[in-house]
Engineer: 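Below you will find the structure I want to go over with you.
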Number of protein chains: 2
Amino acid sequence: MLNELDERIVHALAEDARRSFADIGQIVGLSAPAVKRRVDRLRATGAITGFTVRVDPAALGWETEGFIEIYCRRNTSPESIKRGLERYPEVASASTVTGEADAIVQVFASDMRHFERVLERIAGEHFVERTKSVLVLSPLMRRFTSGAPT
Amino acid sequence: MLNELDERIVHALAEDARRSFADIGQIVGLSAPAVKRRVDRLRATGAITGFTVRVDPAALGWETEGFIEIYCRRNTSPESIKRGLERYPEVASASTVTGEADAIVQVFASDMRHFERVLERIAGEHFVERTKSVLVLSPLMRRFTSGAPT
DNA sequence: GGTGAAACGGTCGATCG
DNA sequence: CGATCGACCGTTTCACC
């Protein structure tokens, strides 16, 4: 849990993770070393797990985005799903979920053919029974990143 | 579109956006100024849209994550969905999609009660006809962030 | 938390492969 | 294109108040 100052620091970093500590200090009203101490502490406690780049998938040639719901065979552990999906560079995020499906996977592909190929390969994984997928029409918001780099 | 060197630079930044250009150069086999020139170019062309922080929602007190599928009333534009959802700090990402639902919204809440409150408020938005939601059990992967800060 | 100083990294132009 | 060098300046980082 964080106090208000920490939240404002995280917010400043969420907007631009390469801002200098002095800049952030100006925004939140602290000196640069004070900001650094707090950021160090936030990293040590695990509230901040790292810094990453924000990319435009289209500019990178990843024009097609979609979500694939995975229905697994019995007795599939989250770890094996993770291990199975990690080999796909097209997979941006994945979570196990409640409901009918077992996992939701976010995929970026260069085009529809590429997406279809990825879908077929994932559907062919030994732990996958069937899939259901939707395509993203337009991304409306994208606020921050959570979790650890994988 | 990028060549392989650019992709490796983006990958290095995706792992740690605060790495120095010299470090990245070591990884990809270039000098620091060469890396900087390429990163500058990637930003100029819009392939890289910024840098952001990677947070642990749990450490920030956001223990409950879920996806809400939104079924809209007729004639709802993506823009009005976006405007409607922007007011929720709990919404991390949102996209319009193909399929039965009109949009998929990723939500972080402090606990189940909080999630339920957000769900009810979103379900009560004038443009929302009904919703369907799933809870995230465990996040398996989280690779990068796309799009612009909102 | 702030201050000040030293070490480090970013940035630029010039020059060469 | 990229490497390397030198120079300048901002940033990070640390010991200390």
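Please read all numbers here as calculations on a predicted model, not as lab measurements. The figures here come from the full heavy-atom set of this structure, side chains too, leaving out hydrogens, waters and symmetry mates. Below, chains carry the letters A, B, ... as their sequence lines are ordered, and counting in each starts from 1.
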Engineer: Which whole-number value in Å describes the distance from B:D6 CG to D:dG2 C1'?
Structural biologist: 13 Å
Engineer: Looking only at side chains, do B:S93 and A:R142 share a donor and an acceptor under 3.5 Å apart?
Structural biologist: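 Note: B:S93 and A:R142 side chains miss the donor-acceptor criterion.
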Engineer: Closest approach to the side chain of B:S20, judged atom by atom: which nucleotide of D:dG2, C:dG9, C:dC12 is it?
Structural biologist: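 Side chain of B:S20 sits closest to C:dG9.
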Engineer: Starting at CG of A:L30 and ending at P of C:dT3, how long is that distance when rounded to a whole Å?
Structural biologist: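 Interatomic distance, CG of A:L30 to P of C:dT3: 12 Å.
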Engineer: Is it the case that the side chains of B:E69 and B:Y71 hold a donor-acceptor pair, with the cut-off being a distance below 3.5 Å and no angle test?
Structural biologist: yes
Engineer: Using the side-chain heavy atoms of A:P33, tell me which of these nucleotides is nearest: D:dT13, D:dA3, C:dG10.
Structural biologist: D:dT13
Engineer: Under 4.0 Å between a side-chain N or O of B:K36 and OP1 or OP2 of C:dC12?
Structural biologist: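 Yes.
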Engineer: What is the distance from CD1 of B:I24 to C1' of C:dT11, rounded to the nearest Å?
Structural biologist: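 The distance from CD1 of B:I24 to C1' of C:dT11 comes to 15 Å, rounded to the nearest Å.
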Engineer: Within the supplied structure, the quantity of interest is the number of heavy atoms (other residues, nucleotides, ligands) at a distance under 6.0 Å from A:R41 CZ; does it exceed 12?
Structural biologist: yes
Engineer: How long is the line joining CG of A:N3 and C1' of C:dG1, in whole Å?
Structural biologist: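 Distance, rounded to whole Å: 13 Å.
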Engineer: Just the rounded figure in Å: distance from C1' of D:dT12 to CG of B:D23.
Structural biologist: 14 Å
Engineer: Evaluate the ring planes of B:W62 and B:H114, with Trp represented by its six-membered ring, and classify them as parallel (under 30°), tilted (30 to 60°) or perpendicular (over 60°).
Structural biologist: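 Taking B:H114 first and then B:W62, their aromatic rings sit tilted (interplane angle of 30° to 60°).
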Engineer: Any N or O donor-acceptor pair under 3.5 Å from the base of C:dG1 to the side chain of A:R38?
Structural biologist: no
Engineer: A:D40 has an atom CG; how far is it from atom P of D:dT11, in whole Å?
Structural biologist: 17 Å
Engineer: When you measure from the side chain of A:R18, which nucleotide among C:dG1, D:dG2, C:dG10 comes out closest?
Structural biologist: C:dG10
Engineer: Closest to the A:R37 side chain: D:dT13, C:dG1, D:dG2?
Structural biologist: C:dG1
Engineer: Could you measure the distance from the OG1 atom of A:T76 to the CD1 atom of A:I81? Nearest 0.5 Å is fine.
Structural biologist: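 Reported to 0.5 Å precision, the distance equals 6.0 Å.
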Engineer: Quick one: A:F21 CZ to D:dT13 P, roughly how many Å, whole number?
Structural biologist: 6 Å
Engineer: NA contact type, A:S31, heavy-atom cut-off 4.0 Å: base, sugar-phosphate, or nothing?
Structural biologist: base
